[in-house]
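Before any comments, here is the structure.
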Amino acid sequence: MSTDPAARGPRAEAGMAGEPASAATDLVARAAAAYRDSLPVLDASLDARVRAAIRGRPRRAVPLWRWPFAGRVRPVWIPLAAAAAGLVVWLASARSPAPSGPPVAAAAAPVDTVFVQFRLAAPQARSVAVAGSFDGWDPRALPMRRGPAGVWVLVIPLPVGEHSYQFVVDGRHWEPDPLARGREADGFGGTNSVIVVGPKGQVRT
Amino acid sequence: MTRAWRAAIGVAVALAAGAPAARAQEDGVRAALQAHGVAAEVVEAVAAAADRARAGGLPSGPLVDKALEGWAKGVPGPRIVGAVDQYVGRMAEARALAREAGIADPPGEVIAAVAEARLREMAPEQVREVLRAGRSGARVATGLKVATALAAQGLGAPEAVRVVTRAMRQGRGVDQLLDLPAQMRALEADGLGMGEITRRMLGGGAGGAGGWRGAGGAGASPGGASPPPPPPGGTRSPGSGQPGGSGRGPG
């Protein structure tokens with residue numbers, strides 16, 4: 001609290017008037033001065049000594065399991081902690097795989113694609129689809145369309161490269177392409193057809 | 001902030017950086033299989049096999065493909081797991097073969113390509129010959145696939161390897177290598193015999209002087225033989241073509 005009489009002047013002027021007020025003010029001022037003179041003079045180095053004593057006090061680690069905790073954090077750590085948290089989130093999101101999607105399609109980089117026509121003559125079939133390494137072997141993903149004379153046809157874009165596939169007849173019979181020259185055992189007792197798609201055209205191997 | 005706090009943040013950052021790296025591929029295997037409805041016990045067995053493969057420096061992608069293929073075909077779970085385990089062994093042999101050819105640390109695509117080439121009965125020495133001719137993983141892997149494709153088209157494995165290794169040593173790129181099977185079909189469509197096709201392919205190289213007619217640009221149908229009549233009651237493939245030509249687009 002300030003004891004400066006000048007600071008109290010306006011209030012006194014507003015609340016009192018005339019000579020009696022001035023005499024009271026002088027009385028208070030003299031009393032205050034007498035009180036100040038009675039106080040011991042503080043050492044000028046006291047403030048520095050107190051600060052040094054506080055700095056030298058051993059710090060206690062805040063237990064992490066105590067929540068809510070009250071701790072003091074220097075301002076410089078706040079942006080650093082935020083940056084660390086951001087790094088954690090970024091790393092977690094950047095390194096986590098996509099939750100779905102066929103493995104082949106996981107190669108997200110743009111690649112050359114070529115339109116490839118699959119054809120199978122199956123006059124007695126009720127449905128025909130093509131499934132292969134390009135669609136995660138999903139027998140329902142690429143149904144073919146029945147054309148004249150029972151020839152089933154499908155045109156799809158495929159990335160250049162090598163692909164294995166089979167035809168799926170009536171939803172359950174897996175059959176290799178009868179005219180494909182590229183073949184390999186599928187490891188399950190069947191045979192996959194193999195196709196190599198070049199950038200200038202497609203060839204049945 | 002105390003040292004404990006600093007250490008805690010450091011540990012958190014290290015865990016966040018390292019743990020996802022270690023778990024991402026494992027989770028990726030599981031996620032890919034679960035997304036296709038694969039049974040839980042098969043997912044776990046394949047994930048374990050993928051773990052072993054990665055620990056041995058082998059790729060896990062082909063194992064996921066094989067498991068998905070078996071599941072889609074209705075193969076019982078134990079047989080799927082058996083086929084996946086067998087594929088792990090095949091890739092281990094493929095890696096050893098690549099190392100014999102001088103590739104100390106073969107990338108996954110090379111290992112998978114060698115495994116596929118061996119599956120299609122390409123001899124180890126022929127595989128090594130292609131491996132030695134390549135300068136990059138992509139070209140080596142493509143060279144192996146094209147060599148097996150040319151052999152399947154009737155060129156003969158030794159000749160197919162010679163055609164491919166010659167093209168690779170001439171600096172042909174991946175796209176040019178992938179075009180070789182179509183070019184061979186074009187020569188077949190011209191009515192040339194296999195001997196003449198072999199001579200031309202070995203003599204000219206892809207698009208080189210004295211070479212063969214290419215498979216054509218957009219709209220070409222290198223496999224464009226007219227379809228034979230369908231057998232009664234059976235199924236046949238009248239052949240495929242490239243009706244819309246080639247294009248470049250997102251894969």
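Here the structure is a predicted model, which is why all the values come from computation and not from measurement. Numbers restart at 1 for each chain; the letters A, B, ... are given by sequence-line order, proteins then strands.
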* Quick check: does any side chain N or O of Arg181(A) sit under 3.5 Å from a backbone N or O of Gly154(B), one acting as donor and the other as acceptor? -> no

* Evaluation steps, side chain to side chain contact (heavy atoms under 4.5 Å, CB included), between Leu178(B) and Val196(A) -> CA-CA 7 Å; Leu178(B) 284 170; Val196(A) 172; 3.9 Å; yes

* To do: Evaluate the side-chain proximity of Asp65(B) to Ser133(A): yes if any heavy-atom separation is below 4.5 Å, no if none is.
  => no

* Structure fact -> Arg79(B) and Phe188(A) have their tightest heavy-atom pair at NH2-O, 2.6 Å

* Structure fact -> The interface call for Arg120(B) against chain A, heavy-atom contacts under 4.5 Å, is side chain

* Pick one of side chain, backbone, both or neither for Pro139(A), based on which atoms fall under 4.5 Å of a heavy atom in chain B. => side chain

* **Test log, rule side chain to side chain contact (heavy atoms under 4.5 Å, CB included), inputs His36(B) and Trp137(A)** => CA-CA 10 Å; His36(B) 287 76; Trp137(A) 296 94; over 6 Å; no

* Between Ile80(B), Val84(B), Val174(B), Val75(B), which residue shows the highest count of heavy-atom pairs closer than 4.5 Å to chain A? -> Val75(B)

* Give the minimum heavy-atom separation between Ala83(B) and Gly187(A), together with the two atoms involved. => CB-O, 3.9 Å

* Going by heavy atoms in the side chains, are Glu162(A) and Thr142(B) under 4.5 Å from each other? -> no

* Side-chain ion pair, Asp186(A) and Lys73(B), N-O less than 4.0 Å -> yes

* **Minimum side-chain heavy-atom gap Lys145(B)-Val194(A) below 4.5 Å** => no

* Please report the C-alpha distance between Glu184(A) and Thr148(B) in whole Å, then the side-chain angles of each, then the deciding distance to 0.1 Å, and finally whether the side chain to side chain contact (heavy atoms under 4.5 Å, CB included) criterion is met. => CA-CA 11 Å; Glu184(A) 67 177 8; Thr148(B) 55; over 6 Å; no

